Undergrad: 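Take this structure first; my questions come after.
Note that this is a predicted model, so its numbers are computed, not measured. All ligand and atom numbering here is 1-based and tracks the order in the structure. When a residue number appears, it is its place in the shown sequence, counting from 1.
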Amino acid sequence: MNLIKQPVLWAARSIFRNRFHSETISEQHATMDVHVVSALVDNYMYLIVDRQSGDAAVVDPVEPEKVIDLIQSIDNSNRINIRTILATHHHWDHSGGNHKMLQLIPGSSEISVVGGDDRIDAINHRVKNGDKLSLGRLCIECLHTPCHTSGHVCYKVSCDNEISIFTGDTLFVGGCGKFFEGTAQQMYDALIKTLGSLPDHSKIYCGHEYTLSNLKFAKHVEPNNGDIDEKIRFAEECRHQKRPTIPSTIGDERRYNPFMRVESTSVQQHVKKDDPIEVMAALREEKNNFKTK
Ligand code: GBP
Ligand code: ZN
């Protein structure tokens, strides 16, 4: 850990500890519950619970106290048991709370801290693409999606016909992560080949609330795409009420997210290129310099 960054990290945490940018929502699926918990300025943490066993996983618990508070408020019959921390990538605003999370849970030596990068705080279970873990009845599949960081992993959690994907900083609602440690080819593989091959009904739970600013860029790329307008209206309504715009679905993202639409003519015309990898690179470059009014 860089010595200069440490106090900055501490200060940022203490400022935001008692604040929520969005209310906590709980998505109840037939086999799993997903609790969406806000953190820091615009991050999301997730508590995934297998409804049958009460076994639970936490995704990117950067503010672990908030997750513990939530469990205490919803778990009257003491059923929820955290078995696993799933880290999407090593950036401090995602994995910087792992050690603290372990400290806060009694008997935490049993908990696995899963991730695809040795830079992840407190990691004890390094995974690679295709590795599978179980959480009660739920199956967790690790999808290596390098680009935002070289060790980024998305987690596909499924049971029966239900699929939830925790996409960290790879896929956002209406956008994607910056290419800090990778190439346009890698983001193409992540968004089009890996995530893009999952069924339309797969739910997307991403790492940040960036939806509105992403959609403003999407609208700039495709001014005549009505699905973008519809999603902007939905997102404005959500944010007005401080509700998360999460989750979306893979099918929805294919309709309005320009980074998932690099093969569509209207996006290609905007960047004046027709090779999907070049389109991906051009979109990322343009968004890096795009100012939302
Ligand atoms: C916004 O607010 O919409 N555009 C953002 C600005 C992920 S966080 C903030 C930003 O750059 N966010 C990053 C990103 O990938 N955004 C996608 C986009 O702008 O289209 N992070 O916190 C970022 O990964 C971080 C932490 C970065 C440690 C580097 C280190 Br080292
Ligand atoms: Zn990041």
Side-chain angles (χ1 to χ4, degrees), residues 1-13 15-16 21-22 38-46 59-63 86-98 115-121 144-155 166-184 186-187 190-191 204-221 228 231-232 235-236 238-239 244-246 248 253 256-262 267 271 279-293:
M1 174 65 74
N2 182 327
L3 285 175
I4 301 164
K5 276 188 192 149
Q6 192 80 31
V8 176
L9 189 150
W10 181 85
R13 279 199 186 143
I15 289 167
F16 296 115
H21 56 78
S22 304
S38 84
L40 309 177
V41 185
D42 50 30
N43 281 73
Y44 283 116
M45 313 180 280
Y46 298 100
V59 180
D60 290 350
V62 59
E63 291 190 285
L86 299 173
T88 60
H89 64 296
H90 76 280
H91 286 158
W92 75 270
D93 57 321
H94 295 261
S95 61
N98 293 351
D117 196 313
D118 290 336
R119 294 170 292 183
I120 289 168
D121 182 36
H144 184 217
T145 52
C147 182
H148 179 74
T149 66
S150 56
H152 195 293
V153 171
C154 297
Y155 297 96
F166 297 85
T167 60
D169 286 1
T170 293
L171 172 62
F172 297 124
V173 179
C176 71
K178 290 182 177 162
F179 304 178
F180 287 125
E181 300 180 354
T183 62
Q186 286 177 315
M187 191 54 92
L191 299 185
I204 303 300
Y205 293 94
C206 62
H208 291 268
E209 179 60 63
Y210 287 159
T211 306
L212 267 176
S213 58
N214 284 341
L215 291 170
K216 283 180 187 156
F217 177 69
K219 173 95 179 140
H220 164 77
V221 174
I228 300 175
K231 191 73 181 183
I232 289 177
E236 279 175 344
C238 287
R239 297 315 296 148
T245 59
I246 314 301
S248 71
E253 293 306 313
Y256 52 68
N257 186 332
F259 296 93
M260 287 202 85
R261 295 171 57 73
V262 291
V267 172
V271 294
V279 177
M280 181 68 80
L283 283 177
R284 188 62 263 174
E285 188 57 30
E286 191 180 3
K287 187 167 193 302
N288 289 345
N289 301 305
F290 184 74
K291 306 265 177 285
T292 48
K293 289 152 253 157

Undergrad: Please confirm whether the ring centroid of H94 lies under 6.0 Å from the ring centroid of H208.
TA: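 Ring centroids of H94 and H208 are less than 6.0 Å from each other.
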Undergrad: Would D93 count as being in polar contact with ligand 1, using the rule that some N or O on each side must be under 3.5 angstrom apart?
TA: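 So ligand 1 has an N or O lying under 3.5 Å from an N or O of D93.
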Undergrad: Out of the candidates D60, D93, D169, only one should pair with N43 under the side chain to side chain donor-acceptor pair (under 3.5 Å) rule; please name it.
TA: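 Of all the options given, the one that passes is D93.
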Undergrad: Using the rule given for side chain to side chain contact (heavy atoms under 4.5 Å, CB included), can you reason through T170 versus H89, listing the C-alpha separation, both sets of side-chain angles and the distance that settles it, and then say yes or no?
TA: CA-CA 10 Å; T170 293; H89 64 296; over 6 Å; no
Undergrad: Using a 4.0 Å cutoff against the non-hydrogen atoms of G177, which atoms of ligand 1 qualify?
TA: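 Answer, ordered by atom number: 15 (O).
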Undergrad: Measuring from non-hydrogen atoms of H208 to any atom of ligand 1, is the shortest distance under 4.0 Å?
TA: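 The answer is yes, since H208 has a heavy atom less than 4.0 Å from ligand 1.
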Undergrad: Considering the heavy atoms of K287, write down every atom of ligand 1 situated less than 4.0 Å from one of them.
TA: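 Contacts of ligand 1 toward K287, numbered from 1: 18 (C), 19 (O), 20 (O).
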Undergrad: Which atoms of ligand 1 are found less than 4.0 Å from any heavy atom of F172?
TA: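 What qualifies from ligand 1 is 17 (C).
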Undergrad: Under 3.5 Å, is there a donor-acceptor pair linking the side chains of H90 and S95?
TA: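 No.
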Undergrad: May I ask you to check if ligand 1 and S213 share an N or O to N or O distance below 3.5 Å?
TA: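 Such a contact does occur with ligand 1.
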Undergrad: Are R284 and N288 close enough that a side-chain donor and a side-chain acceptor fall under 3.5 Å?
TA: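 Yes, a side-chain donor-acceptor pair sits under 3.5 Å.
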Undergrad: Nearest to atom 16 (N) of ligand 1 by heavy atom, F290, Y210, F259: which?
TA: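 Shortest heavy-atom distance from atom 16 (N) of ligand 1: Y210.
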Undergrad: Looking at the Zn ion (ligand 2), is one of the N, O or S atoms of H148 less than 2.8 Å from it?
TA: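 Yes.
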Undergrad: With a cut-off of 2.8 Å, does D169 put an N/O/S atom close enough to the Zn ion (ligand 2)?
TA: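 Under 2.8 Å: D169 contacts the Zn ion (ligand 2) through an N, O or S atom.
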Undergrad: Could you check whether any side-chain heavy atom of F217 comes within less than 4.5 Å of a side-chain heavy atom of Y210, counting everything from C-beta outward?
TA: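 In short, these two side chains do not touch, never coming nearer than 4.5 Å.
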Undergrad: What I'd like to find out is whether the side chain of R119 reaches to under 4.5 Å of the side chain of S150, using heavy atoms alone.
TA: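 They are in side-chain contact.
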Undergrad: Relative to atom 24 (O) of ligand 1, which among R119, H148, K178 owns the nearest non-hydrogen atom?
TA: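 Shortest heavy-atom distance from atom 24 (O) of ligand 1: H148.
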Undergrad: Can you confirm whether M280 sits close enough to Q186 that some side-chain heavy atom of one is under 4.5 Å from a side-chain heavy atom of the other?
TA: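 Side-chain contact under 4.5 Å: no.
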Undergrad: Report the name of the N/O/S atom of H91 located nearest to the Zn ion (ligand 2).
TA: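 Nearest to the Zn ion (ligand 2) within H91's N, O and S set: ND1.
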Undergrad: Applying a strict 4.0 Å limit to heavy atoms, is F217 in contact with ligand 1?
TA: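 It does not; every heavy atom stays at 4.0 Å or beyond.
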Undergrad: For K231 and V173, what are the C-alpha separation, side-chain angles and deciding distance, and is it a side chain to side chain contact (heavy atoms under 4.5 Å, CB included)?
TA: CA-CA 10 Å; K231 191 73 181 183; V173 179; 3.8 Å; yes
Undergrad: Going by the atom numbers of ligand 1, which of them fall below 4.0 Å from some non-hydrogen atom of F180?
TA: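 Per the distance check, 24 (O), 27 (C).
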Undergrad: Could you tell me the separation between the SG atom of C154 and the CD1 atom of I204, rounded to the nearest 0.5 Å?
TA: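 Answer for the SG-CD1 pair, C154 versus I204, is 8.5 Å.
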Undergrad: Who pairs with Y46 by ring-ring contact (aromatic ring centres under 6.0 Å, His included), at least two apart in sequence or on another chain?
TA: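 Result, ring-ring contact (aromatic ring centres under 6.0 Å, His included) vs Y46: F166, Y205.
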Undergrad: With a heavy-atom distance limit of 4.0 Å, tell me whether E209 approaches ligand 1 through its side chain, its backbone, both, or neither.
TA: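 Within the 4.0 Å criterion, E209 makes no contact with ligand 1.
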Undergrad: With a cut-off of 4.0 Å, which atoms of ligand 1 are near a heavy atom of D169?
TA: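 Here the atoms of ligand 1 in question are 7 (C), 8 (S), 24 (O).
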Undergrad: Consider ligand 1: state whether an atom of it lies below 4.0 angstrom from any non-hydrogen atom of G175.
TA: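 Judged by the 4.0 Å heavy-atom criterion, G175 does not count as contacting ligand 1.
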Undergrad: Provide the number and element of each atom of ligand 1 under 4.0 Å from a heavy atom of R284.
TA: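 In order of number, 18 (C), 19 (O), 20 (O).
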Undergrad: For ligand 1, is there an atom lying under 4.0 Å from some heavy atom of C176?
TA: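 It does; at least one heavy atom falls under 4.0 Å.
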